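What follows is a set of notes on a single structure, which appears directly below.
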Amino acid sequence: MALLAGATRRTWRGEALMGVTLAAMSAPVAMAFAQFAGLPPVAGLYSLIVPGIVFALFAATGRLTAAPDAAVVALLAATLTPLARPGTSAYAELAAAQALVAGGAFALITLFGLGRLTVLLPRPVLLGFGAAVALDLLTREIAAMFGVRLARRVTDAAADGFPHHARALVAGLGTADVWAIAVAAGTLLILLLGRRIARRLPWELAAALAAFASYRVFDLGPRGVATVGAIDGGRPPLGLPALAAGDWLAVIPGALVIALAALALHQDEDAGYQPAAARSGIVYGLANAASGLSGGFALGPSPLRRARLDELRSTSQLPTLVAALLVLGAVVFGAGFLGDLPTPAFGAIAAVATWPLLRLRDARALWRTTKGEFLLALLVFAATLAFGPLWGLAGAAAIGLLRVLRAASAPPLDVIDGDGRPIASLRRGSPPPRPSAPGIVIVRLAAPVDAASAGALARGIRLAASGADAGIRHLVLDGEAITGIDATGAAVLRTALAELAERGISVDYCRARAVLRVELEHHGLLAGSRVFRTCREALDELS
């Protein structure tokens with residue numbers, strides 16, 4: 001059991017049984033997500049088998065998950081529908097190719113440290129984006145529960161957005177099928193009551209068996225209740241997608257977007273327990289590559305699977321491995337049963353799993369604590385619903401970039417005393433501060449001196465020295481929190497310091513680390529200046 005992260009001799013039996021529950025939940029959800037992406041349901045099952053085995057063997061911790069994910073599915077459909085018609089073999093080949101390219105993108109992003117770009121998608125942005133995607137999926141799942149068709153074919157709906165789905169659902173409510181509603185209600189009753197009785201049991205499997213039995217016993221086919229449809233049995237196909245070079249190039253942008261979004265979701269899902277690490281990115285890449293090679297599609301961190309594993313109190317990758325093997329057995333030996341699963345039950349199981357993705361509790365907490373962040377989440381939510389997941393994510397990234405630039409251009413900048421305590425702010429619009437000591441002012445910048453922060457630092461220095469008429473003779477720049485200096489920052493700082501020299505104000509430094517001192521010398525910012533070990537020493541020497 002040492003081959004699997006988190007598995008021990010003491011816990012492996014319980015963890016293996018958890019795999020049954022995980023498979024019962026994962027299989028119908030993966031099939032639903034595949035259809036939502038414009039793919040046949042079996043593609044969702046393929047995305048659980050070989051990728052699940054690979055991920056379980058290579059993941060560094062039992063907390064990691066990789067499976068069909070709502071956000072990734074939405075981005076997949078948005079990036080592939082312009083390239084091919086959903087539901088066709090060409091579309092399925094493109095989805096597999098995109099998963100393979102996404103695997104390479106995960107590896108490249110990790111190896112070159114580009115995961116830092118996920119800072120453009122902070123928690124409120126991901127909250128709004130994920131809730132919008134979940135609401136669109138729930139709309140389609142509710143339609144399945146009512147027996148309402150949103151498009152001529154199930155996979156055709158992948159090309160449409162939430163406004164179209166919502167209008168089609170409302171327009172079709174008059175044609176809702178009573179038998180479909182009855183099957184969905186029975187499925188919901190089993191799931192919701194069963195979870196109250198014993199959350200760790202595979203109630204999804206019980207609900208699926210009950211729906212299958214009711215379909216056969218009451219002969220619901222002629223009564224208008226649809227089923228999932230034919231599922232191709234046998235093992236997953238293994239091999240490269242048969243595509244031209246131009247098609248491979250066409251899926252690269254979408255694969256990059258999916259990889260970055262998945263890494264951002266990975267960090268947001270459990271930031272305290274799962275810090276972004278090199279091995280995690282590589283393992284996600286391996287799982288996506290395995291999915292592309294075995295007829296699946298791109299995968300993400302799957303908060304649905306993580307939530308179910310938390311309910312089961314799993315701490316290892318053994319349930320993921322067992323679930324993959326059970327799904328393989330179901331595809332090989334039970335394809336007929338899966339194909340005869342009534343669509344209303346299928347939608348009900350997926351809806352129960354999707355509901356937590358709305359994250360209503362997180363939204364309420366954000367509203368109570370930071371209303372500005374809540375409004376940002378609401379803006380991203382509305383944009384994603386109105387314009388689709390791709391434009392919603394692009395707008396969210398643009399907002400995130402503006403936030404980063406705004407924060408970088410207004411870094412923490414203060415006047416401090418000899419003990420390093422802030423005594424006045426030097427932000428734009430602040431009044432002239434009092435000095436650190438008579439005739440001496442110590443300025444602290446908590447940021448690198450670069451193109452973004454240099455202008456704020458220059459303004460702060462001028463503001464700090466604005467009391468020169470009252471006798472400011474020395475300015476000391478505290479280097480404790482300065483992490484580096486680039487060429488632009490050095491040029492701006494040099495100009496500001498030259499202005500002080502013309503006014504007879506000396507410039508010195510305190511608490512400058514060895515690396516910072518080397519950079520100061522390299523940029524010619526140490527000429528005629530002293531470097532004091534502490535701010536207190538600077539005050540004592542200059543007083």
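What you see is a predicted model, and the numbers here were worked out from it, not measured in a lab. In what follows, every heavy atom counts, from backbone to side chain, and hydrogens, waters and symmetry copies are set aside. Numbers here are sequence positions counted from 1.
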**Request:** Determine, step by step, whether L293 and V50 satisfy the side chain to side chain contact (heavy atoms under 4.5 Å, CB included) criterion, reporting the C-alpha distance in whole Å, the side-chain angles of both residues, the deciding distance to 0.1 Å, and the verdict.
**Result:** CA-CA 9 Å; L293 289 171; V50 179; over 6 Å; no

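- A 4.5 Å side-chain heavy-atom check between Q98 and L76 finds at least one atom pair inside the cut-off.
- F297 places a side-chain heavy atom less than 4.5 Å from the side chain of P68.
- No side-chain heavy atom of N288 sits less than 4.5 Å from a side-chain heavy atom of P51.
- Nearest heavy-atom pair across A84 and L94 is CB-CD1, 3.6 Å.
- A 6.0 Å sphere centred on CZ of F387 holds no more than 12 heavy atoms belonging to other residues, nucleotides or ligands.
- Scanning both residues, D136 and G161, for their nearest heavy atoms gives OD1-C, 4.3 Å.
- A salt bridge is absent between R223 and D219: the closest approach of a Lys/Arg side-chain nitrogen to an acidic carboxylate oxygen does not fall below 4.0 angstrom.
- Taking every heavy atom of both residues into account, L80 and A95 meet most closely at CD1-CA, 3.5 Å.
- Applying the side chain to side chain contact (heavy atoms under 4.5 Å, CB included) rule to A259 yields the partners A105, F106, I109; only residues at least two apart in sequence or on another chain are considered.
- I231 CD1 to L45 CG: the interatomic distance, rounded to the nearest 0.5 Å, is 6.0 Å.
- Interatomic distance, L17 CG to S314 OG, rounded to the nearest 0.5 Å: 11.5 Å.
- Remark: the backbone N or O of A60 is not paired with any side-chain donor or acceptor of Q317 at under 3.5 angstrom.
- A salt bridge between R306 and E311 is absent, with no side-chain N of the basic residue lying under 4.0 Å from a carboxylate O of the acidic one.
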Show the atom names and distances, to 0.1 Å, of all donor-acceptor pairs under 3.5 Å that link a side chain in residues 338-352 to residues at least two apart or in another chain.
residue: D340; atom: OD2; partner: R216; partner atom: NH2; Å: 2.7
residue: T343; atom: OG1; partner: A226; partner atom: O; Å: 3.4
residue: T343; atom: OG1; partner: T227; partner atom: O; Å: 3.2

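- Rounded to the nearest 0.5 angstrom, L57 CG and T320 OG1 are separated by 10.5 Å.
- Atom CG of L209 sits about 10.5 Å away from atom OG of S214, to the nearest 0.5 Å.
- Between the side chain of W12 and the main chain of L318, no donor-acceptor pair closer than 3.5 Å is present.
- Of all heavy-atom pairs spanning V20 and V322, the tightest one is N-CG1, 4.5 Å.
- Listed by first then second residue, pairs satisfying salt bridge (Lys or Arg N to Asp or Glu O under 4.0 Å) with a partner in residues 38-61 number zero, not counting sequence neighbours.
- Residue-environment remark: CZ (F218) stays at or below the threshold of 12 foreign heavy atoms within 6.0 Å.
- Legend: residues meeting salt bridge (charged side-chain N to carboxylate O under 4.0 Å, His left out) with R200, ordered by chain and number and at least two apart, are absent.
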**Prompt:** Taking it one step at a time, do L358 and L138 satisfy side chain to side chain contact (heavy atoms under 4.5 Å, CB included)?
**Reply:** CA-CA 10 Å; L358 290 175; L138 278 170; 3.6 Å; yes

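- Shown here are the side chain to side chain contact (heavy atoms under 4.5 Å, CB included) partners of I181, two or more places apart in sequence or in another chain: F146, A176.
- Side-chain contact between L357 and L304 is present, with at least one heavy-atom pair separated by less than 4.5 Å.
- We find the CZ-CE distance between R308 and M25 to be 7.0 Å, quoted to the nearest 0.5 Å.
- A donor-acceptor pair under 3.5 Å is absent between the side-chain atoms of T61 and the main chain of L64, judged by distance alone.
- Sorted by first then second residue, the salt bridge (Lys or Arg N to Asp or Glu O under 4.0 Å) pairs that include residues 33-58, not counting sequence neighbours, number zero.
- Here Q35 pairs with nothing under the side chain to side chain donor-acceptor pair (under 3.5 Å) rule; sequence neighbours left out.
- Counting only distance, with no hydrogens or angles, the side chain of R359 and the backbone of A131 share no donor-acceptor pair below 3.5 Å.
- Note: T21 OG1 to L205 CG = 9.0 Å, rounded to the nearest 0.5 Å.
- Contacts of R85 classified as side chain to side chain donor-acceptor pair (under 3.5 Å), with partners at least two apart in sequence or in another chain: D156.
- If you run side chain to side chain contact (heavy atoms under 4.5 Å, CB included) between L127 and each of V380, D362, L376, only D362 comes through.
- Considering only heavy atoms from C-beta on, L321 comes within 4.5 Å of I53 through its side chain.
- Between D160 and L150, the closest side-chain pair of non-hydrogen atoms is not below 4.5 Å.
- Between I282 and F58 there is no side-chain heavy-atom pair separated by less than 4.5 Å.
- Sparse packing is recorded around CZ of R313, with 12 or fewer heavy atoms of other residues, nucleotides or ligands lying under 6.0 Å away.
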**CA sep, side-chain torsions, deciding dist, call: F33, T354, side chain to side chain contact (heavy atoms under 4.5 Å, CB included)** = CA-CA 10 Å; F33 282 1; T354 304; 4.2 Å; yes

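- Residues G172 and V148 share a closest heavy-atom pair of O-CG2, 3.4 Å.
- In this view, E93 satisfies the salt bridge (charged side-chain N to carboxylate O under 4.0 Å, His left out) rule with no residue, not counting sequence neighbours.
- If you look at F212 and F337, their ring centroids are closer than 6.0 Å.
- F55 and Y284 have tilted rings, their planes meeting at an angle from 30° to 60° on a 0 to 90° scale.
- Panel note: side chain W179, backbone V225; no donor-acceptor pair is recorded below 3.5 Å.
- Evaluation of the salt bridge (Lys or Arg N to Asp or Glu O under 4.0 Å) test over residues 12-36, restricted to residues two or more places apart or in two chains, returns none.
- When every heavy atom of L385 is checked against every heavy atom of P163, the shortest pair comes out as O-CD, 3.2 Å.
- The side chain to side chain donor-acceptor pair (under 3.5 Å) test applied to R364 returns no partner, not counting sequence neighbours.
- Partners of R305 by side chain to side chain donor-acceptor pair (under 3.5 Å), not counting sequence neighbours, listed by chain and number: S26.
- Atom CZ of R195 has more than 12 neighbouring heavy atoms from other residues, nucleotides or ligands inside a 6.0 Å radius.
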**Message:** One pair to check against side chain to side chain contact (heavy atoms under 4.5 Å, CB included): L393 and T384. What are the steps and the verdict?
**Reply:** CA-CA 7 Å; L393 191 66; T384 303; over 6 Å; no

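- Inter-residue side-chain proximity for P319 and L312 is flagged as unmet; no heavy-atom pair is nearer than 4.5 Å.
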